[in-house]
Amino acid sequence: MTGWEAGADLVVVGSGVAGLTAALDAAAAGLRVVVVTKDGIGEGSTRWAQGGVAVVLGDVAGDSLGAHVADTLAAGGGLNDAVAVDTVVRGGPGAVRRLRGRGALFDHDGDRPARTREGGHSAFRVVHAGGDATGAEIERALVAATRDAGVTVLDGHVAVEALREVTGRVVGLAVLAGDDAGVLRAPAVLLATGGYGQLYSSTTNPGTSTGDGVAIALRAGATAADLEFVQFHPTVLWTGPAVGRRPLVTEAVRGEGAVLLDRTGHAFMAGVHPLADLAPRDVVAAAITRHTAETGSDCAWLDATALPGFATRFPTVFASCREAGIDPRTDPIPVNPAAHYACGGVVTDTWGRTGVPGLYAAGEVARTGLHGANRLASNSLLEGLVVGERVVRAVCEDRAAAGPALLTAPVEPAPALPVADRATLQRAMSRHAAIGRDAAGLAAASDAVEAATTVGVPVGRAGVEDAALTLLAQAVLAAAGTRRESRGCHVRTDFPDRDDAHQAVSLRVRLDAAGRPVVVTDALAGAA
Ligand code: SIN
């Protein structure tokens with residue numbers, strides 16, 4: 001039940017790069033903006049990003065916006081939206097300039113920004129900060145700017161449900177602070193909640209990445225797409241089986257010369273892809289998974305011993321390794337893939353508009369079509385910056401066109417929802433819906449999630465998150481079962497080939513009348 005109410009022109013859910021960029025632009029445009037964030041401001045997934053921001057600033061010989069577009073399309077496995085790719089790549093230089101204007105300090109090489117390279121990039125075009133602490137520096141700058149701008153931030157508040165008037169238009173958000181329920185009434189709600197890495201036992205994502213935004217959007221009538229494309233980062237520090245957030249070993253380490261080895265010291269990526277260790281991320285993650293299974297190893301090893309100045313160039317990775325008793329200056333780093341990024345999400349245009357009036361999404365929670373079936377490294381911070389700015393322009397335009405809200409009735413009590421036991425769900429998804437899926441495993445995962453599910457009114461933050469994870473597990477499994485081919489991050493061992501003749505199309509997911517996610521794209525007619 002509702003304990004309190006407040007009003008705003010724009011409610012932003014999430015305090016990562018997309019959310020805070022939008023909040024700052026909205027405040028600058030004179031909107032009353034409220035940021036709702038589950039932990040403290042800036043404690044979501046952005047701060048853990050290491051590598052950097054992929055952007056063409058025009059000062060690297062041989063690089064161009066066209067090359068960045070081509071690399072993004074090549075990585076995306078034929079499912080990118082060309083307009084989204086063009087818009088985000090071309091919007092990058094201006095967005096990075098404005099971010100620097102907000103105080104973000106990037107690393108320099110003389111009087112120019114320093115650049116690194118990551119998997120799938122044909123040029124050194126990734127700008128970085130603090131060596132390998134790019135996300136942390138971006139968050140530091142955006143949080144400071146948000147405080148300076150006097151934006152209202154509700155720390156420790158969980159978004160529960162989008163409120164809609166009879167026409168379906170979103171007119172606010174139900175939130176929870178501990179046991180205290182409240183309502184924020186606003187003509188625009190922006191979901192910037194990040195991804196759903198917590199579907200898996202082992203992930204680079206923090207505990208906040210529980211798919212809340214996708215779940216809220218689906219329940220409000222929006223469409224999601226490309227949910228089966230969960231990107232696994234190839235190189236996450238391996239210290240034995242472990243659950244929860246695991247330390248990333250940025251791809252920039254390979255970009256600057258490190259090589260993946262197997263237990264015999266063989267550099268196995270050389271025979272897998274022409275770009276070898278710098279192949280796109282889906283290729284490297286799948287190769288590690290295949291090679292470790294074939295050789296009976298728990299992990300692969302990343303040999304960075306020839307890199308000069310490792311401790312200062314990669315201080316975050318160095319600290320994680322030292323904590324685990326590994327010295328990357330003298331020893332190869334044990335690594336394995338772990339869940340890292342949701343390439344799909346809530347379907348939006350390049351202005352962050354979902355199909356539901358009043359509801360917007362930006363950053364990892366959204367599916368603009370930039371990433372296709374596999375995101376190019378360091379395009380995610382870029383997308384958050386570019387769409388985080390554009391969405392405010394859409395909010396302002398839509399606000400000018402919209403009539404007064406019709407909602408006057410009291411907010412309904414929270415509905416009962418399916419809620420699965422989180423550890424069971426994570427085990428099932430990790431075993432059957434990670435890299436290398438097949439029909440029998442996906443069915444087994446669905447059965448396991450079903451068996452661990454009860455229906456009830458979610459209680460507190462954990463209940464809201466578990467309900468979101470349950471919905472996301474059902475949706476990912478439905479999409480992964482429907483796509484009977486291998487493409488990008490979606491690797492089916494029972495359908496190992498890509499099927500461009502029948503399946504070169506995104507799968508869209510909506511909720512049916514019973515609230516279950518169903519794949520609505522009739523894309524697979526004629527597929528084997
Ligand atoms: C990394 O630094 O390897 C991760 C960057 C990204 O996910 O784009």
Side-chain angles (χ1 to χ4, degrees), residues 16-18 44-55 68 71-72 75-76 88-89 92 96 106-107 114-121 124-139 194-197 203-206 209 229-237 245-258 260 275 277-285 288 300 302 304 307 310 313-321 328 333 335-343 345 363-364 370-372 374-386 488-489:
V17 60
S45 54
T46 294
R47 71 175 279 230
W48 299 103
Q50 293 188 356
V53 185
V55 65
H68 188 180
D71 291 347
T72 302
V88 174
V89 167
V96 168
F106 285 91
D107 296 333
R115 258 36 84 91
T116 190
R117 192 174 162 196
E118 294 180 64
H121 286 278
F124 280 75
R125 67 165 71 97
V126 175
V127 295
H128 50 84
D132 57 6
T134 311
E137 170 57 16
I138 289 175
E139 279 296 280
Y196 42 88
T203 172
T204 61
N205 295 183
S209 299
F229 299 114
V230 179
Q231 183 173 73
F232 280 66
H233 196 288
T235 56
V236 175
L237 184 62
R245 193 187 70 76
R246 310 296 307 141
L248 185 63
V249 179
T250 174
E251 274 193 10
V253 175
R254 273 177 289 131
E256 297 186 18
L260 282 161
L275 290 172
D277 291 274
L278 280 180
R281 193 170 282 178
D282 56 336
V283 175
V284 182
I288 293 175
L302 184 62
L307 268 58
F310 191 98
R313 174 63 186 89
F314 300 110
T316 312
V317 177
F318 185 70
S320 303
C321 288
I333 307 166
V335 290
N336 235 353
H340 182 59
Y341 193 85
C343 298
E364 187 175 356
L370 170 67
H371 309 308
N374 172 56
R375 177 178 62 92
L376 184 67
S378 288
N379 268 357
S380 45
L381 293 174
L382 175 74
E383 186 184 42
L385 286 170
V386 172
C489 307

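We count ligands from 1, going down the list as the structure has it; atoms in each ligand are counted the same way.
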Next item on the list: Say whether Asp71 and His121, considering side chains only, have a donor N or O and an acceptor N or O under 3.5 Å apart.
Entry: no
Note to self: I'd like to check the side-chain contact (heavy atoms from CB on, under 4.5 Å) partners of Phe124; sequence neighbours left out, ordered by chain and number.
What the structure shows: Arg115, Arg117
Notebook entry, point to check: If you measure only the distance, is there a donor-acceptor pair under 3.5 Å linking the side chains of His340 and Thr204?
Noted result: yes
Notebook entry, point to check: Would you say the side-chain atoms of Ser45 pair up with the backbone N or O of Asn205, donor to acceptor, closer than 3.5 Å?
Noted result: no
Item checked: Residue Ser378 vicinity, atoms of ligand 1 by number, heavy atom under 4.0 Å -> 6 (C), 8 (O)
Item checked: Pair Phe314 and Phe318, ring centroids less than 6.0 Å apart -> no
Next item on the list: To the nearest 0.5 angstrom, please state how far the CD atom of Glu364 sits from the CD atom of Gln231.
Entry: 9.0 Å
Check: Of all the atoms in ligand 1, which lie at a distance below 4.0 Å from a heavy atom belonging to His340?
Finding: 4 (C), 6 (C), 7 (O)
Note to self: Under a 4.0 angstrom heavy-atom cut-off, which atoms of ligand 1 come close to Gln50?
What the structure shows: 2 (O)
Margin query: Within ligand 1, which atoms have a heavy atom of Arg281 less than 4.0 Å away?
Written below: 1 (C), 3 (O), 4 (C), 5 (C), 6 (C), 7 (O), 8 (O)
Notebook entry, point to check: Measuring from the heavy atoms of Ala377, does anything fall under 4.0 Å of ligand 1?
Noted result: yes
Next item on the list: Within a distance under 4.0 Å of any heavy atom of Glu118, pick out the atoms of ligand 1 and give their elements.
Entry: 1 (C), 2 (O), 3 (O), 5 (C)
Next item on the list: State whether the shortest distance between N or O atoms of Gly51 and N or O atoms of ligand 1 falls below 3.5 angstrom.
Entry: yes
Check: Is Glu251 close to ligand 1, meaning an N/O of one under 3.5 Å from an N/O of the other?
Finding: yes
